[in-house]
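Counting convention: from 1, in listed order, for ligands and their atoms alike.
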Amino acid sequence: MIRENINRVQERIAAACERAGRQPLSVTLVAVSKTFPAEKVREAYECGLRRFGENRVQEAEGKVAELRDLGIEWHLVGHLQSNKAGKAAEIFQFIESLDALKPAEKLNQARESSGEPLLVLLQVDLGREETKFGIPREDVLDLARRVSELPRLRIRGLMTMPPYSEDPEQARPYFRSLRELAESISRQKLSNVSMEVLSMGMSHDFEVAIEEGSTMVRVGTAIFGSRSAR
Ligand SMILES: *Cc1c(COP(=O)(O)O)cnc(C)c1O
């Protein structure tokens with residue numbers, strides 16, 4: 001079942017790329033495995049997926065340990081608290097949800113100088129909802145400047161999660177706005193900062209995100225099934 005789901009997601013990505021005049025390889029699929037056990041991740045890995053996303057450091061820790069034999073690139077997609085940053089720096093290769101300087105400093109401290117720098121995205125809150133995490137758009141450039149001075153981190157782009165709506169078209173202005181923000185930061189030519197990754201789009205709206213320039217989609221339900229009806 002996971003295999004068919006992955007095939008369908010890849011077909012949807014290809015079709016959206018075709019409509020947008022883009023190469024399917026320009027979109028990276030991150031399979032969000034939160035709440036699903038390690039065996040499901042292994043199954044998806046056997047279908048060819050290599051990047052997996054988790055939203056809780058503690059939940060990820062067990063899965064990462066269990067799947068150490070596989071060459072998985074683990075992404076943190078959920079809110080990062082400063083007190084979990086040390087552990088996060090050990091188990092993740094990519095932090096998509098950085099939204100403050102304090103956890104960034106902790107990640108930088110914890111990341112061993114011998115290993116690869118940690119890849120990060122700045123999570124932007126474009127909806128300004130009280131329950132959402134992320135930095136307001138007007139503060140992104142300043143945070144990018146400060147994080148760019150931390151030698152063990154590498155900013156690769158931006159991530160956003162628009163306010164939820166059944167209708168994916170409602171998300172389009174947010175996706176467009178994230179792309180424009182990335183373009184404007186890119187023009188600043190900050191050293192150590194790249195804006196090549198735009199992580200936007202989930203199971204129900206990734207086609208719209210791809211049409212608006214997404215280069216990384218975070219897909220859970222469409223691959224692993226519904227989380228509540230497990
Ligand atoms: C859960 C989650 C996803 C995946 O959502 P689906 O709707 O299941 O595809 C993507 N991004 C973040 C930040 C998430 O927490």
S.K.: Are more than 12 heavy atoms from other residues, nucleotides or ligands located less than 6.0 Å from atom CZ of Arg146?
M.R.: no
S.K.: Do any nitrogen or oxygen atoms of Asn55 lie less than 3.5 angstrom from nitrogen or oxygen atoms of ligand 1?
M.R.: no
S.K.: Do any nitrogen or oxygen atoms of Thr221 lie less than 3.5 angstrom from nitrogen or oxygen atoms of ligand 1?
M.R.: yes
S.K.: Is a salt bridge present between Arg42 and Glu46, judged by a nitrogen-to-oxygen distance below 4.0 Å?
M.R.: no
S.K.: Evaluate the side-chain proximity of Leu122 to Asp99: yes if any heavy-atom separation is below 4.5 Å, no if none is.
M.R.: no
S.K.: If you have a sec, work out which protein heavy atom is nearest atom 9 (O) of ligand 1 and how many Å separate them, to one decimal?
M.R.: Ser203 OG, 2.5 Å
S.K.: For atom 5 (O) of ligand 1, which protein heavy atom lies nearest, and how many Å away is it?
M.R.: Met202 CE, 3.3 Å
S.K.: Would you call Arg179 and Glu212 a salt bridge, using N to O less than 4.0 angstrom?
M.R.: yes
S.K.: List every atom of ligand 1 that sits less than 4.0 Å from any heavy atom of Arg218, numbering the atoms from 1 in the order shown and giving each element.
M.R.: 4 (C), 9 (O), 10 (C), 11 (N), 12 (C), 13 (C)
S.K.: Please say whether more than 12 non-hydrogen atoms of neighbouring residues, nucleotides or ligands are located less than 6.0 Å from CD in Glu196.
M.R.: yes
S.K.: Should Arg227 be listed as contacting ligand 1, given a heavy-atom distance under 4.0 Å as the test?
M.R.: yes
S.K.: At less than 4.0 angstrom from any non-hydrogen atom of Val219, what atoms of ligand 1 do you find?
M.R.: 9 (O)
S.K.: For Val77, take its heavy atoms, then give the atoms of ligand 1 lying under 4.0 Å from any of them.
M.R.: 12 (C), 13 (C)
S.K.: With a 4.0 Å cut-off, would you call Lys63 and Glu66 a salt bridge?
M.R.: no
S.K.: Check this for me - ligand 1, Gly220, N or O atoms closer than 3.5 angstrom, yes or no?
M.R.: yes
S.K.: Counting heavy atoms not belonging to Glu138, are there more than 12 under 6.0 Å from its CD?
M.R.: yes
S.K.: Measure Lys34 to ligand 1 on non-hydrogen atoms and call it side chain, backbone, both or neither using the 4.0 Å cut-off.
M.R.: side chain
